[in-house]
Colleague: 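Got a structure for you, written out below as structure tokens; questions coming shortly.
Computed over heavy atoms, backbone and side chain alike; hydrogens, waters and symmetry mates excluded. Every chain is numbered from 1 and lettered A, B, ... according to where its sequence line falls, protein lines coming before strand lines.
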Amino acid sequence: MITISKKKLFQDYGIFMIFLTGMFLALLVITLLSRKSWIEGLKKQVATVLEETYPGKYTVGDYVSFNSALNVSASCYHLNSSLTAGTLPESYVLIIRIMTIYGPMPAVYICNKNGSVDFIGFTCISRDMSDQIKSVSMNSTIQYWKLRIRYMLLNSEFGKSQRGY
Amino acid sequence: MNKKLLAYISTLTMLIPVPGRFAYGILLVIVFNLVLISETLFLNVVKKFANNNLQTVIMAAFLISVSVFIRGISIFLFPVIVLQLGVLLYFPALSVFVISVMHNREEKSLKANLMQNIASGSLYSLLALLFMFFRDILGYGCISIPVLNGIAEIRFFNTAKIPVMCFFASLPGTIVLSTVAVVIFIHILKKIEIMEHAGVINDK
């Protein structure tokens, strides 16, 4: 019969727990530090797509936190008007990863104050290929995410003002 | 041959759901090699203090942690690529785990294990990069490289106007290409095996 001393057992599992705690802390620090780069980097991408589609019409505002599990695969911002100077009331622009037949793509959507959601385009891809993927996915994935984003935002702070409570 | 083939397929599998851009191939290959080397180094440390029961759990936790850590670092450089790849950035850890389980490295020294992993990792990385290179050329008609906050492209032709080429950019097209890549790899392995038997090359 194999016997393991209690001291050895505590030592092994003690080291294991210290190791897990150390790793957890390191991951927590890197996740918190990278948060700002995540928000600012994606904001630049959104601004690029908006400028390509509507030159000089919109600017991207502050980051908006929304209560959803999709937070890790999306980023939402206030939408500002370049023409009237200032934040458009209850309008948002959102970059989100959607799955297409060409693999996952970062897509940009605008959510207007009346609750309608419009697809703007894909980032990190040439205009020709973006149009090609759009034509293939418009009636399936893009449409699905329009509804999903609307539902998601209606359940967040934005939705409260839409519903009036 | 079977182990080499399985390791190759395992490396290739991590690239199939990824959009067919060379830039993403470069990033995933870097992650793959970083995870592979850190796994080899850490396994050597773990063997000294943890018993056999804990080793697998610690290694699994370590591989996940390294992947999350690399993801965190990548966000500083390429946030949009990290958004796009999502969980696919953890696939190299899975490939490394499969390769690590297949190779019995109990009796070898750290240096020997490290050299073996760097050699095999380089071979699989090269094949993976070639695979992504052809996917980018055939599917998108360009070569892409990761740059700060996005990707840069060197365009050769417009594939959006050629429907057959667009097929290779899609995931079904990738499965066709990966099958071709596996068949070519099997053919090469067979040739090497014949040469080994004939004594033309020595694998020892």
Colleague: Let's test your reading of the structure: which of A:Met129, A:Met105, A:Gln132, A:Glu40 forms the most heavy-atom pairs below 4.5 Å with chain B?
Modeller: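 Among A:Met129, A:Met105, A:Gln132, A:Glu40, the one with the most close pairs to chain B is A:Met129.
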
Colleague: A:Leu27 vs B:Ser65, test: side chain to side chain contact (heavy atoms under 4.5 Å, CB included). Steps then yes/no.
Modeller: CA-CA 7 Å; A:Leu27 295 182; B:Ser65 304; 4.0 Å; yes

Colleague: Does A:Phe24 CZ have over 12 foreign heavy atoms under 6.0 Å away?
Modeller: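 Not buried by this count: 12 neighbours or fewer within 6.0 Å.
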
Colleague: Begin from the C-alpha positions of A:Tyr102 and B:Cys166 and carry the test side chain to side chain contact (heavy atoms under 4.5 Å, CB included) through to its verdict.
Modeller: CA-CA 9 Å; A:Tyr102 294 89; B:Cys166 285; 3.9 Å; yes

Colleague: Check the surroundings of atom CZ in B:Phe167: do more than 12 heavy atoms from other residues, nucleotides or ligands lie under 6.0 Å from it?
Modeller: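 Count over threshold, so yes.
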
Colleague: Do other residues, nucleotides or ligands put more than 12 heavy atoms under 6.0 Å from B:Phe42 CZ?
Modeller: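 Yes, CZ of B:Phe42 has more than 12 neighbouring heavy atoms, counting only those of other groups under 6.0 Å.
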
Colleague: Between A:Phe19 and B:Ile58, which heavy-atom pair has the shortest distance, and what is it?
Modeller: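 In this case the closest contact between A:Phe19 and B:Ile58 is CE2-CG2, 3.6 Å.
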
Colleague: Is it the backbone or the side chain of B:Leu148 that comes under 4.5 Å from a heavy atom of chain A, or both, or neither?
Modeller: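 Nothing of B:Leu148, per the 4.5 Å heavy-atom cut-off to chain A.
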
Colleague: Do A:Ile125 and B:Arg21 have side chains that get closer than 4.5 Å, going by heavy atoms?
Modeller: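 Sidechains of B:Arg21 and A:Ile125: in contact.
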
Colleague: Starting at OG of A:Ser37, measure out to CD1 of B:Ile75 and round the result to the nearest 0.5 Å.
Modeller: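 With rounding to 0.5 Å, OG (A:Ser37) is 8.0 Å from CD1 (B:Ile75).
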
Colleague: Can a donor-acceptor pair be found, under 3.5 Å and without considering hydrogens, that links the side chain of B:Gln84 to the backbone of A:Arg97?
Modeller: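 It does not hold such a pair.
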
Colleague: Measure the spacing between CD of B:Glu153 and OG of A:Ser126 and express it to the nearest 0.5 Å.
Modeller: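 Between atom CD of B:Glu153 and atom OG of A:Ser126 there are 5.0 Å.
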
Colleague: What is the minimum heavy-atom distance between A:Ser34 and B:Gly72, and which atoms define it?
Modeller: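 Nearest pair, atom of A:Ser34 first, then B:Gly72: CB-O, 3.6 Å.
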
Colleague: Inspect the surroundings of OH in A:Tyr63 and state if more than 12 heavy atoms from other residues, nucleotides or ligands are less than 6.0 Å away.
Modeller: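 For A:Tyr63, atom OH is crowded (more than 12 foreign heavy atoms under 6.0 Å).
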
